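If you're wondering where the values come from, they're calculated on a predicted model, not measured in any experiment. Heads up: numbering here begins at 1 and tracks the sequence.
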Amino acid sequence: MNRLVDAQSPYLLQHADNPVDWWPWSPEAFEEARRRDVPVLLSVGYASCHWCHVMARESFADEATAAELNAGFVSIKVDREERPDVDAVYMEAVQAATGQGGWPMTVFLTPDAEPFYFGTYFPPRPRGGMPAFRQVLQGVAAAWADRRGEVDEVAARVAADLAGRTLSAAVGGGGDGAPGAADVHAALLELTKEFDAVRGGFGGAPKFPPAMVLEFLLRHHARTGSTGALEMVQATCEAMARGGIYDQLGGGFARYSVDAEWVVPHFEKMLYDNALLARVYAHLWRATGSELARRVALETADFLVRELRTEEGGFASALDADSDRPDGGGHAEGAYYVWTPDELREVLGAEDAALARAYYGVPGEPAAATFEEGASVLQLPDTGTPFDADRIASVRARLTAARAERPRPFRDDKVVTAWNGLAIAALAEIGAYFDRPDLVDAAVAAADLLVRVHMTDGNGEPGTAGRLVRTSRGGAAGGNAGVLEDYADVAEGFLALTAVTGEGTWLHLAGLLLDTVLDRFRGESGTMYDTADDAERLIRRPQDPTDNPTPSGWTASAAALLSYAAYTGSERHREAAEQALGIVAKLGPRAPRFVGWGLAAAEAALDGPREVAVVGPEDDPRRTELHRTALLSPAPGAVVATGPPSGAGGGPDAVPLLADRPLVGGAPAAYVCRLFVCAAPVTGSEELRAQLAPAGPPQG
């Protein structure tokens with residue numbers, strides 16, 4: 001009996017017809033293992049994971065393998081995107097035991113959920129030093145039957161080690177306060193050492209888009225005038241935008257590049273990557289006026305709305321890396337995106353195919369292809385050759401239309417709360433920057449869905465009492481509680497909507513979420529936990545201040561708390577933000593690539609952040625111009641409020657930052673405050689721009 005048929009997760013549903021007797025993560029599954037006295041196989045993955053699909057085809061769809069699993073194990077399948085807490089706890093064990101981690105994650109547990117054997121992908125036959133999956137099963141079963149005492153001892157030791165791991169032991173505690181200027185400058189110097197000056201980015205292959213580090217560097221440049229910080233952003237953003245990791249036809253970024261040159265991507269497209277990167281490119285345009293940054297920000301935003309928006313107004317999680325080949329030759333990674341010279345000629349004709357090969361860097365000979373089997377990933381090499389813009393537009397349109405006829409990659413259409421918060425922030429800002437009200441509307445619609453479906457009264461019923469569920473699908477809420485990143489990233493999105501729309505409702509809702517963060521997720525000395533104090537108890541309460549593919553819930557909370565305090569004047573939220581940022585003072589100078597979001601928040605704290613109140617009649621174009629000027633300021637983490645004069649009004653949705661702000665000489669005005677000091681109100685954009693200029697001396 002496969003119990004996944006009623007799951008909401010598309011990933012679990014992909015396994016619903018396996019011959020494996022799968023269970024979802026549940027107390028009943030562990031009780032069954034206890035009743036049968038058998039070990040538990042925990043298999044963790046996600047719907048757009050290429051190697052998860054491979055292992056599913058090779059092993060979980062295989063009748064003989066399934067028979068062994070069903071006879072000797074209770075098998076549990078987990079979607080890591082639905083249960084990041086479960087994933088985090090056991091991934092920590094895998095990384096500690098093997099020195100690496102990834103998905104699919106394969107862990108064997110006792111019926112008490114204690115892990116004792118670890119791995120990731122296992123092939124169906126021995127390969128490259130890896131045992132076959134069935135060999136692993138047989139070895140684990142034999143150990144369970146013949147060396148049970150040893151297995152129990154290992155499991156208890158691993159569980160105790162995990163439970164005893166504290167942040168204090170790892171990095172010396174949560175820290176005493178937000179990083180100072182010397183701390184963030186030390187982080188900048190460390191990043192400079194790791195920067196790839198030839199190809200952009202940091203480190204070697206595989207190379208991941210460093211969105212959170214880029215945001216820190218942009219903010220550092222804005223605060224200090226550092227040219228070195230800006231140059232790292234410009235070089236990295238241009239290299240990614242010209243590389244195969246960026247979809248040159250449809251916009252949007254793949255998950256990572258398998259090489260150090262950004263040429264061949266791992267083709268899955270994730271909502272969180274594209275939300276974070278769209279915002280970075282918009283902020284790069286804001287800082288420099290780069291036309292390339294403007295184009296990529298808008299194309300990526302349009303990709304989000306066109307390809308990932310759901311019928312309910314939220315945003316789906318991902319597009320798969322794999323799809324069916326256009327020629328019917330089976331399922332393959334990248335099949336939707338790559339092109340052979342013959343395919344280009346078939347769509348474009350010989351003359352325009354030659355133009356396309358030159359423009360998109362496609363070799364004329366299949367043997368020189370950038371991908372495999374004669375196919376290439378489209379890039380945008382900077383050859384210095386001028387191209388006719390109209391012809392290129394025609395080529396791109398015809399290739400896009402032809403690609404649309406290919407079998408499309410699978411879309412994981414569950415709506416993840418945190419990632420939608422990131423998308424809301426990006427779309428709201430990009431819509432405001434580039435006069436695209438449709439993008440702001442898309443952000444508002446997604447926020448409305450989160451309020452209607454994802455916010456609950458704490459008992460699973462819809463409501464606005466400040467509790468969140470992790471996912472929804474088809475407009476129905478999932479059954480898993482939200483984790484810290486959900487609260488922090490949605491608060492970030494709501495605060496961005498406050499700045500762009502001027503509607504205080506979003507500030508009020510952000511406050512509800514952040515109060516839950518302080519009441520349910522906060523530990524001693526300002527530390528943060530990834531799960532609430534009333535969440536399901538695992539063998540360890542997960543707690544991680546470092547960025548992974550998304551900002552850590554810890555530092556994202558600090559950033560949102562800091563902004564909320566600037567809007568409201570709340571000392572409680574400001575102090576909590578500064579305490580939470582203490583960990584960044586410790587980790588930033590040592591491992592800046594893994595606390596980019598925390599360093600970005602630290603830049604905001606060092607700069608104030610600036611508080612900008614713009615008042616005037618709603619239909620007055622002078623207020624509109626002042627509001628736009630404020631939004632376009634690169635001042636790190638600046639908060640912006642706009643509304644009628646003295647707009648607090650005392651209602652529940654009032655924005656305190658607008659209180660007691662009159663017109664100046666009958667004209668709309670902007671009020672700028674920083675670190676408890678307010679400048680004289682101004683009525684002109686140039687004066688406002690001057691007040692928002694960098695406050696610190698140039699560095700680096």
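- Salt-bridge annotation for Glu190 and Arg590: absent, with no side-chain N of the basic residue lying under 4.0 Å from a carboxylate O of the acidic one.
- In this structure, the side chain of Thr106 engages the main chain of Thr120 through a donor-acceptor pair within 3.5 Å.
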Query raised in the report: Are Arg467 and Met455 close enough, and set up right, to give a side-chain contact (heavy atoms from CB on, under 4.5 Å), and what steps lead you there?
Result: CA-CA 6 Å; Arg467 301 309 295 265; Met455 289 189 76; over 6 Å; no

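- Looking at heavy atoms from C-beta onward, Glu603 lies in side-chain contact with Phe216 at the 4.5 angstrom threshold.
- Nearest heavy-atom pair across Arg34 and Pro111 is NH2-O, 2.7 Å.
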Query raised in the report: Arg279 and Asp489: salt bridge (Lys or Arg N to Asp or Glu O under 4.0 Å), yes or no, with the steps?
Result: CA-CA 14 Å; Arg279 203 175 183 193; Asp489 291 341; over 6 Å; no

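- With hydrogens and angles disregarded, a donor-acceptor distance shorter than 3.5 Å links the side chain of Ser26 to the backbone of Pro24.
- Distance alone, capped at 3.5 Å, is enough to place a donor-acceptor pair between the Thr516 side chain and the Leu512 backbone.
- Although no hydrogens or angles enter the test, the distance criterion places no donor-acceptor pair under 3.5 Å between the side chain of Thr531 and the main chain of Ala535.
- Under the 3.5 Å distance criterion, the side-chain polar atoms of Asp87 are left unmatched by any main-chain donor or acceptor of Arg83.
- For Trp25 and Phe30, the gap between ring centers is short of 6.0 Å.
- More than 12 heavy atoms of other shown residues, nucleotides or ligands fall within 6.0 angstrom of atom CZ in Arg148.
- Ion pairing of Asp533 with Arg541 is absent here, as no side-chain N (NZ or NE/NH1/NH2) approaches a carboxylate O to less than 4.0 Å.
- Between Ala423 and Leu271, the closest heavy-atom pair is CB-CD1, 4.0 Å.
- Looking at heavy atoms from C-beta onward, Trp419 lies in side-chain contact with Glu81 at the 4.5 angstrom threshold.
- Put simply, the side chain of Val74 does not reach to within 4.5 Å of the side chain of Leu41, judged on heavy atoms.
- The pair Asp85-Arg80 does not meet the salt-bridge criterion, since no charged nitrogen lies less than 4.0 angstrom from a carboxylate oxygen.
- Atom OG of Ser557 sits about 8.5 Å away from atom CG of Leu518, to the nearest 0.5 Å.
- Under the 6.0 Å cut-off for aromatic ring centres, Tyr529 and Trp554 do not qualify, their centroids lying 6.0 Å or more apart.
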Query - Criterion side-chain contact (heavy atoms from CB on, under 4.5 Å) on Val78 and Leu42, from CA distance to verdict - result: CA-CA 7 Å; Val78 167; Leu42 173 64; 3.7 Å; yes

Requested in this report: Take Lys414 and Tyr11, measure what side-chain contact (heavy atoms from CB on, under 4.5 Å) needs, and give me the verdict at the end.
Outcome: CA-CA 10 Å; Lys414 71 176 179 296; Tyr11 175 63; 5.6 Å; no

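- In this structure, Val40 and Ala33 approach most closely via the heavy-atom pair CG2-CB, 3.6 Å.
- Counting only N and O atoms by type, the side chains of Glu485 and Tyr272 include no donor and acceptor under 3.5 Å apart.
- Side chains of His266 and Pro206 form no contact here, defined as non-hydrogen atoms less than 4.5 Å apart.
- Between Phe60 and Phe133, the ring planes lie perpendicular to each other; the angle is over 60°, past the 30° to 60° tilted range.
- No side-chain donor-acceptor contact under 3.5 Å links His53 and Asp322.
- To the nearest 0.5 angstrom, Phe521 atom CZ is 13.0 Å from Gln543 atom CD.
- Taking 4.0 Å as the cut-off between side-chain N and carboxylate O, Arg157 and Asp152 do not count as a salt-bridged pair.
- Looking only at side-chain heavy atoms (C-beta outward), Arg593 and Leu191 come within less than 4.5 Å of each other.
- Here the closest heavy-atom approach between residue Pro39 and residue Gly72 is recorded as CD-O, 3.5 Å.
- Taking the six-membered ring where tryptophan is involved, the planes of Phe208 and Tyr256 are tilted, since the angle between them lies from 30° to 60°.
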Query - Verdict with supporting geometry, Asp486 and His454, side chain to side chain donor-acceptor pair (under 3.5 Å) - result: CA-CA 10 Å; Asp486 295 310; His454 291 235; over 6 Å; no

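- Atom OG1 in Thr65 sits 7.0 Å away from atom CG in Leu137 (nearest 0.5 Å).
- Taking 4.5 Å as the limit, some side-chain heavy atom of Tyr46 sits within range of a side-chain heavy atom of Glu268.
- Using a distance-only test at 3.5 Å, with no hydrogens or angles considered, no donor-acceptor pair links the side chain of Glu32 to the main chain of Ala29.
- Residues Tyr90 and Ile539 meet the side-chain proximity criterion, which asks for heavy atoms closer than 4.5 Å.
- Between the side chain of Asp79 and the backbone N or O of Pro10 there is no donor-acceptor pair closer than 3.5 Å.
- Using modelled atom types, one side-chain atom of Thr417 and one backbone atom of Val469 make a donor-acceptor pair closer than 3.5 Å.
- Residue Asp62 holds its CG atom at 9.5 Å from CD of Glu68, rounded to the nearest 0.5 Å.
- When atom types are taken as modelled, the side chain of Ser552 and the backbone of Pro545 share a donor-acceptor pair closer than 3.5 angstrom.
- Annotation: the span from Leu599 atom CG to Thr555 atom OG1 amounts to 9.0 Å, rounded to 0.5 Å.
- A donor-acceptor contact shorter than 3.5 Å is absent between the side chain of Asn480 and the backbone of Arg470.
- By the 4.0 Å N-to-carboxylate-O rule, Asp320 lies too far from Arg411 to be salt-bridged with it.
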Report task. With side-chain contact (heavy atoms from CB on, under 4.5 Å) as the test, would you mind laying out the steps for Asp530 and Asp544 before giving the verdict? Result -> CA-CA 7 Å; Asp530 292 330; Asp544 189 355; 3.9 Å; yes

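- Counting heavy atoms from C-beta on, the side chains of Trp597 and Asp547 come closer than 4.5 Å.
- Atom CG in Asp17 sits 10.0 Å away from atom CG in Leu4 (nearest 0.5 Å).
- Between Ile245 and Pro209 the shortest heavy-atom distance is CD1-CG, 3.7 Å.
- Leu562 approaches Ala604 most closely through the heavy-atom pair CD2-CB, 3.7 Å.
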